There are 2 protein chains.
Amino acid sequence: MTSSHTSKKQEKKQDPDLPPTAWAVLGLLSFPGERTGYELKKWADSSLRFFYWSPAISQIYAELRRLEELGYAASARSGPQEARAKRRYSITGAGREALSGWAAGTAEAGPPVLKHGLLLRIWLGHLAEPARLRAMVGEHLERTRAELAAVREAMEQAAGVAEWAFPALALRWSERQHLAELELGEALLTDLAELSPQEGGGGRQAVGDSPTPG
Amino acid sequence: MTSSHTSKKQEKKQDPDLPPTAWAVLGLLSFPGERTGYELKKWADSSLRFFYWSPAISQIYAELRRLEELGYAASARSGPQEARAKRRYSITGAGREALSGWAAGTAEAGPPVLKHGLLLRIWLGHLAEPARLRAMVGEHLERTRAELAAVREAMEQAAGVAEWAFPALALRWSERQHLAELELGEALLTDLAELSPQEGGGGRQAVGDSPTPG
DNA sequence: CTAGTCATATTCCGAATTGAAGTAAGACCG
DNA sequence: CGGTCTTACTTCAATTCGGAATATGACTAG
């Protein structure tokens, strides 16, 4: 426990207005078990990132230190009986309480932020060849399909475990989200074709896509 | 490492691996006309942000300075005939070329990053009351409807102008994206209701006793 | 068994980015 | 005439990120 006299004054108020990253890390800890920063990162990579990005590993460690300072997390070094030296973190009662408070807070959930590299390029479409744009959308569709598979894999992990009912729900949302993303991509392809129809003049038909039968 | 002679404009190599923000700002400049940093910010807020976030104003000015250093942008102070002193930026040939190169670069478009605060809270659903969760989804739906209206407003601005055909395309994508987001929210509401059915009484029915048939 | 590489575990640092505040001057409004 | 709003831009501290660096145990081929 951090019962030291760090003159941190009573943080009894409300959530000390931590950045979302801190809450996400604390959230990771709020599920049963103790974990190292490294494990946290892997878990974030395979689940959280689908709907809420995965913080940098260095950031995770930094947040863990802060969380411990605040008394929201506690850590223990592994003893000498364990082969590898590591520090395992767990959430404290205060941490759980603060997290609940934050989760219930209404004002904090700003609008979702989307940073879509493909769309940035589409937006700059006047600088590229139409064929190149279509190819990029195609790549995006494939990437999305791969992501979808990864989401489904994560869903399998979570399936059936009662404690993970809500994470499973988030993953289900993410599955649908990826499905929607695929449709969005297809529609974009159509729009793109309309905007700059295939030029028969130059014989420059690079994409090599098969026309949809139907 | 990199060559030590830091002369300003000899960066003929490739794209000097600028952060996406720099390319986004340069992209803003790639449309006809000269603009001030302030105007750029307003434009980003009303268009770019729907699919690729809007940088902080201080960041925009910083990027403009860097872009000018690199010879990708040129600026001119307004003369004394203009009421207000301001600096207008425009893209240079080198800038346009570099931007095209970047836009065509295949490796650079990483997967889209989504930071969805609502989903983070759903994921932590075990910490909140079911009714609270449903309320949050409801708020999200309303916010999304408002955003959708903003997207449509932006679309009206862009409509009909030939130079803005691609931005218009991106906005159309964004419109559909928001429509999909609404459906995702509705589905989430349904899932939530299934997971923890409405309680008539006042009791907190936690996870575990799921009367789900099948 | 032994070097080589892989996975785990963590720290460090420079650069990117934010957000808030400060400055200033023209514009609009009563 | 004064007030407040919008435009225009700068500065700065604090946050956050990503990549490199550092170890060490664990597995794998020869």
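Each chain gets a letter, A, B and so on, in the order the sequences are listed, and its residues count up from 1. Computed from a predicted structure; not experimentally measured.
The residues A:Lys42 and A:Glu39 are annotated as not salt-bridged, no charged nitrogen and carboxylate oxygen being separated by less than 4.0 angstrom. A salt bridge links A:Glu147 to A:Arg49: one of the charged nitrogens lies within less than 4.0 Å of a carboxylate oxygen.
Rounded to a whole Å, the NZ atom of A:Lys86 is 12 Å from the P atom of D:dG25. Residue B:Arg35 contributes atom CZ, which lies 14 Å from atom P of D:dC9 at whole-angstrom precision. Atom P of nucleotide C:dT8 and atom CD1 of A:Ile60 are separated by 14 Å, given to the nearest angstrom. Atoms CD (B:Gln59) and C1' (D:dC9) sit 15 Å apart, rounded to a whole Å. We find that CG of A:Leu18 is positioned 12 Å from C1' of D:dT15, with the value rounded to whole Å. The separation between B:Asp17 atom CG and C:dA15 atom C1' is 12 Å, rounded to whole Å. Here D:dG18 presents its C1' atom at 13 Å from NZ of A:Lys115, a figure rounded to the nearest Å.
Annotation: of the two residues near DNA chain C, B:Ser58 and B:Arg66, the 5′-most nearest-nucleotide partner is B:Arg66.
Atom OG of residue B:Ser46 and atom CD of residue B:Gln157 lie 7.0 Å apart, to the nearest 0.5 angstrom.
At the phosphate of C:dT17, neither OP1 nor OP2 sits under 4.0 Å from any side-chain N or O atom of B:Trp53. Contact between the side-chain N/O atoms of B:Arg65 and the OP1/OP2 oxygens of D:dT10 is found at a separation under 4.0 Å. The phosphate of C:dT10 (OP1 or OP2) has a side-chain N or O of A:Tyr61 nearer than 4.0 angstrom. Close to D:dT7, at under 4.0 Å from its OP1 or OP2, lies a side-chain N or O of B:Tyr38. The phosphate of C:dT8 has OP1 or OP2 within less than 4.0 Å of a side-chain N or O from A:Lys42.
Contacts of B:Ile57 with the nucleic acid, taken as non-hydrogen atoms under 4.0 Å apart, are absent. The residue B:Lys41 sits apart from the nucleic acid: no heavy atom pair falls under 4.0 Å.
Remark: side-chain polar atoms of B:Ser174 are not paired, donor with acceptor, to backbone N or O of B:Ala170 under 3.5 angstrom.
Between the side chains of B:Thr21 and B:Glu63, no donor-acceptor pair is found at a separation under 3.5 Å.
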